[in-house]
Amino acid sequence: MALSNGEVGATCHELLGAQAHVWNHIFQFINSMSLKCAVQLGIPDVIYNHGQPISLFELIAGLNVHPSKAHFISRLMRIPVHSDFFAQHHHVHHNHDNVEEEEAVVLYSLTPASGLFLEDGPLNTTPFLLMILDPVMTDPFHSMGAWLQMNGGDDLVPRTPFEVANGMPFWELSAKKPRFGDLFNEAMEADSKLIARAVVEECGGVFEGLKSLVDVGGGTGTMAKAIANAFPNINCTVFDQPYVVADLEGTTHNLGFMGGDMFDKIPPANAILLKWILHDWNDEESVKILKKCREAMLQSKNEGRKKIIIIDIVVGYVNNKMLMDKKSIETQLMLDMLMMSTVTSKERSESEWEKIFLAAGFTHYNITHTLGLRSLIEVYL
Ligand SMILES: C[S@@+](CC[C@H](N)C(=O)[O-])C[C@H]1O[C@@H](n2cnc3c(N)ncnc32)[C@H](O)[C@@H]1O
Ligand SMILES: O=c1cc(-c2ccc(O)c(O)c2)oc2c(O)c(O)ccc12
């Protein structure tokens, strides 16, 4: 029921329901922080290394917690178990007379979600968790209201809540605190491994007929490596800032690295890949990047299809259909708030994407596949 004034007309039962909803939202950060704590203690690795479901006693023995605090672990575990990060089974003991003992032993095991936090796992998401939940990233949310009250037209006013809280922009802090900057790069690499696998396995057709591809802002080349291996006929170039690619070299005949500035000149190619790039930039900057992509494709002497391949969020598109999956859309909106808080950019809906494509001189695009929360957009020359 929609009410104009909180209490008017609401029954006591409705008010208690409203209070439960409010409390759940107030306490949401405890979900994130409990997960962070469990991961920092190395709980997923201890369970994995045990090789079979682990008892609370064995779990505690594998952790570096002080014996005086051991009894807190079962309480910590209840939260991620409730959210399906760990599965919990009850193992019923049989005593000597084969009579079931009263107290069942609790056994914990991993789920696909906690499998993403294994230290040696190929898709280790721990750097992403540690980066997003670092005070450097969470503090700005305390400054968002104050930032909204500041004059955005004044050059002396910080451009983001991140700058209000940390006194410098994201990229400057990443450079000054390498421990934080490394987390960011490791987070991007792990994500690229997962997306590369999904793209090669499920969207292979997107690359058919291409002769050359430049992965703009391709970082250390995880994504381009996977494409170069899967499609030996495509010449792949990783293009990123000179300091990122300085010491990198291609491992196969069809993979190379090149340093430069995408706002200046992008090397010529049939196809330009922009994975997780445009969501870092506002509309004006994104249009500039797209225009540079256009020039690069026009300069390519290769025959064949020419297109930009964008992997980014299309707000409202989730898992191959436009469905109202409330939780996934909530996550997309949260990422948008994160971009608003840390950088000056945003996550875009289809009409917002269309607007920047048209502004950069492109008329045809196709959202062909979805990769979890993100989509693959082809923009044709
Ligand atoms: C969010 S990361 C995405 C990395 C990679 N595409 C991925 O998905 O894992 C953005 C990348 O853009 C690069 N970048 C930023 N400004 C750039 C510029 N002016 N020219 C080229 N690359 C740039 C950064 O160095 C960084 O590697
Ligand atoms: O907090 C973030 C910051 C950035 C970011 C900032 C400055 C740059 O110059 C840049 O290239 C990227 O990018 C993110 C991202 O890409 C994510 O997916 C999630 C979070 C962030």
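Order of appearance sets the numbers: ligands from 1, and atoms from 1 within every ligand. Keep in mind it's a predicted model, so treat the numbers as computed, not measured.
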Is there a side chain to side chain contact (heavy atoms under 4.5 Å, CB included) between Asp191 and Arg374 once you walk through the steps? CA-CA 12 Å; Asp191 176 68; Arg374 276 165 291 180; 2.6 Å; yes

As a quick check of understanding, evaluate ring-ring contact (aromatic ring centres under 6.0 Å, His included) for Phe263 and Trp281, giving each step before the final call. CA-CA 12 Å; Phe263 289 99; Trp281 304 95; 5.0 Å; yes

Are Thr251 and Lys225 close enough that a side-chain donor and a side-chain acceptor fall under 3.5 Å? no

Contact residues of ligand 1 with a heavy-atom cut-off of under 4.0 Å? Phe184, Met188, Ser192, Gly217, Gly219, Asp240, Gln241, Val244, Gly260, Asp261, Met262, Phe263, Lys275, Trp276, Ile277, Asp280, Trp281

Residues two or more places apart in sequence or in another chain: which of them pass salt bridge (charged side-chain N to carboxylate O under 4.0 Å, His left out) with Glu285? none

Go through the steps to decide whether Phe357 and Tyr365 satisfy the test ring-ring contact (aromatic ring centres under 6.0 Å, His included), and finish with yes or no. CA-CA 8 Å; Phe357 297 154; Tyr365 73 93; 5.4 Å; yes

Which ILVMFWY residues can you reach from Leu116 by hopping between side chains whose heavy atoms are under 4.5 Å apart? Leu123, Leu194

Quick one: do the Glu352 and Ser349 side chains pair a donor with an acceptor below 3.5 Å? yes

Per the under 4.0 Å non-hydrogen criterion, ligand 2 touches Met131, Met137, Phe170, Phe184, Met188, Trp276, His279, Asp280, Leu338, Met339, Thr342, Val343

Could you tell me how the ring of Phe170 sits relative to the ring of Phe180: parallel (under 30°), tilted (30 to 60°) or perpendicular (over 60°)? perpendicular

Same hydrophobic cluster for Val214 and Val245, using side-chain heavy-atom links shorter than 4.5 Å among ILVMFWY? no

